[in-house]
S.K.: 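What follows is a single structure, and I will ask about it in a moment.
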Amino acid sequence: MRTPLIAGNWKMNTDSESAAALASAIAARAGEFSAAELLVCPPSIFLTSVRDAIGGAAVGLGAQNMYHEPKGAFTGEISAAMLTSINATYVILGHSERRHVFGETDEDVNKKTVAALGAELKPIVCVGELLEEREAGRTAEVIRSQFEGSLAGISAGDMADVVIAYEPVWAIGTGKVATPEQAEEVHADLRKQLVDRYNAELAESVRILYGGSVKPDNAAELLSQANIDGALIGGASLKADDFLAIAQASSATV
Ligand code: PEP
């Protein structure tokens, strides 16, 4: 049984006051959603104030990115150990905006994944095809290659702490959501890759999230698919009611 993970990626949104207010609003009602694991990923500058606003509520804290080196002359970067030192437990890696706006490669994502796991930080490793790749019938090939590259050399023991997020690039922030069938096809293929590389038991335990224009009105259908184990949510995670409505939809499917 995989507990659905409902993760909010706030991206470069909110400010000091609104980040704490959003976290407080989510924390206040978190107890209603015990069938799902809730996670918020604010901008790194607000991680500690969001942590404080969450207090003892059952809402996890995650970062949106990190650098693979442990410390040193890497101006502007933050390390995995810095994140764990402020009680973050997850980090989003290889988000399509990191890949396509900032040029991150599978190799970069792999180094970060290894570093996160080494610091006991759980990586949410994102994969997803561009619209032209889908239209050219290359979705499976692209996802397989990102899976291989981003997760190269990860042992079975470490893979148990990894979350995979399938986020078709054409569905992120566009309002164009993948159909449940389109998403499930990719998720099932990712699960098969986990079976092939590791074993069926491990593959059954790894959570594979869907991301890309998830909203309260489309969440239930997506989350009811056999291999969709939660959601990575951008826009809709900026409103506590919408984020929690998606958590509610996931609770209804378990
Ligand atoms: C995301 O940022 O990972 C995302 C899926 O964004 P949105 O929900 O806005 O499409």
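We count ligands from 1, going down the list as the structure has it; atoms in each ligand are counted the same way. Every value quoted in this text rests on a predicted model; they were computed, and no experiment measured them.
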S.K.: Under a 4.0 angstrom heavy-atom cut-off, which atoms of ligand 1 come close to Gly211?
M.R.: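 Those qualifying, in numeric order: 5 (C).
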S.K.: To which protein heavy atom is atom 1 (C) of ligand 1 closest, and what is the distance rounded to 0.1 Å?
M.R.: His95 NE2, 3.2 Å
S.K.: Nearest protein heavy atom to atom 3 (O) of ligand 1, by residue and atom, and its distance?
M.R.: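 Nearest protein contact, heavy atoms only, for atom 3 (O) of ligand 1 is Glu167 OE2, 2.7 Å.
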S.K.: Is it true that Ala236 lies under 4.0 Å from ligand 1, counting heavy atoms only?
M.R.: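 It does not; every heavy atom stays at 4.0 Å or beyond.
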S.K.: Should Leu194 and Ile164 count as side-chain neighbours, where that means a heavy-atom distance under 4.5 Å?
M.R.: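 Counting from C-beta outward, Leu194 and Ile164 do come under 4.5 Å.
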S.K.: With heavy-atom distances below 4.5 Å as the criterion, would you say the side chains of Gln64 and Trp10 are in contact?
M.R.: yes
S.K.: Below the 3.5 angstrom mark, is there an N/O of Lys215, backbone or side chain, next to an N/O of ligand 1?
M.R.: no
S.K.: Which part of Asn9 is near ligand 1, with near meaning a heavy atom under 4.0 Å away: side chain, backbone, both or neither?
M.R.: side chain
S.K.: Heavy-atom pairs closer than 4.0 Å: do any link ligand 1 to the side chain of Lys11, the backbone, both, or neither?
M.R.: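 Side chain only; the backbone of Lys11 stays clear of ligand 1.
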S.K.: For ligand 1, which atoms have a heavy atom of Gly212 less than 4.0 angstrom away?
M.R.: 5 (C), 10 (O)
S.K.: Report yes if some N/O of Glu97 lies less than 3.5 Å from some N/O of ligand 1; otherwise report no.
M.R.: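 Among all N and O atoms of Glu97, none is under 3.5 Å from an N or O of ligand 1.
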S.K.: Heavy-atom distances under 4.0 Å are what count here, so tell me which part of Ala165 touches ligand 1: side chain, backbone, both or neither.
M.R.: neither
S.K.: Give yes or no for whether the N/O distance cutoff of 3.5 Å, strictly under, is met between Gly173 and ligand 1.
M.R.: yes
S.K.: Give a yes or no answer on whether the side chain of Arg99 reaches the backbone of Cys126 with a donor-acceptor pair at less than 3.5 Å.
M.R.: yes
S.K.: By side-chain hydrogen bond (donor to acceptor under 3.5 Å, both in side chains), which residues pair with Glu104, not counting sequence neighbours?
M.R.: Arg98, Lys112
S.K.: So if you build clusters from Ile, Leu, Val, Met, Phe, Trp, Tyr with side-chain heavy-atom gaps below 4.5 Å, do Val109 and Leu117 land together?
M.R.: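 Yes; tracing contacts between hydrophobic side chains, which count when under 4.5 Å, links both residues.
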S.K.: What are the atoms of ligand 1, with element, lying closer than 4.0 Å to any heavy atom of Ala171?
M.R.: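 Those qualifying, in numeric order: 10 (O).
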S.K.: Taking the inter-plane angle between the rings of Tyr166 and His187 on a 0 to 90° scale, is it parallel (under 30°), tilted (30 to 60°) or perpendicular (over 60°)?
M.R.: perpendicular
S.K.: Closest by any non-hydrogen atom to atom 4 (C) of ligand 1: pick that one out of Ser237, Cys126, Gly234.
M.R.: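 Result: the heavy atom closest to atom 4 (C) of ligand 1 is in Gly234.
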S.K.: State the atoms of ligand 1, each with its element, that fall below the 4.0 Å cut-off from a heavy-atom position in Gly235.
M.R.: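 Per the distance check, 7 (P), 8 (O), 9 (O).
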S.K.: Measure across Ala25 and Leu244 and return the closest heavy-atom pair with its distance rounded to 0.1 Å.
M.R.: O-CD1, 4.3 Å
S.K.: Leu202: which residues meet the side-chain contact (heavy atoms from CB on, under 4.5 Å) condition with it, sequence neighbours left out?
M.R.: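 With sequence neighbours excluded, Leu202 shows a side-chain contact (heavy atoms from CB on, under 4.5 Å) to Ala156, Met159, Ala160, Tyr198, Asn199, Ser205, Val206, given in chain and number order.
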S.K.: Would a distance-only check, ignoring hydrogens and angles, find a side-chain to backbone donor-acceptor pair under 3.5 Å from Asp229 to Arg2?
M.R.: no
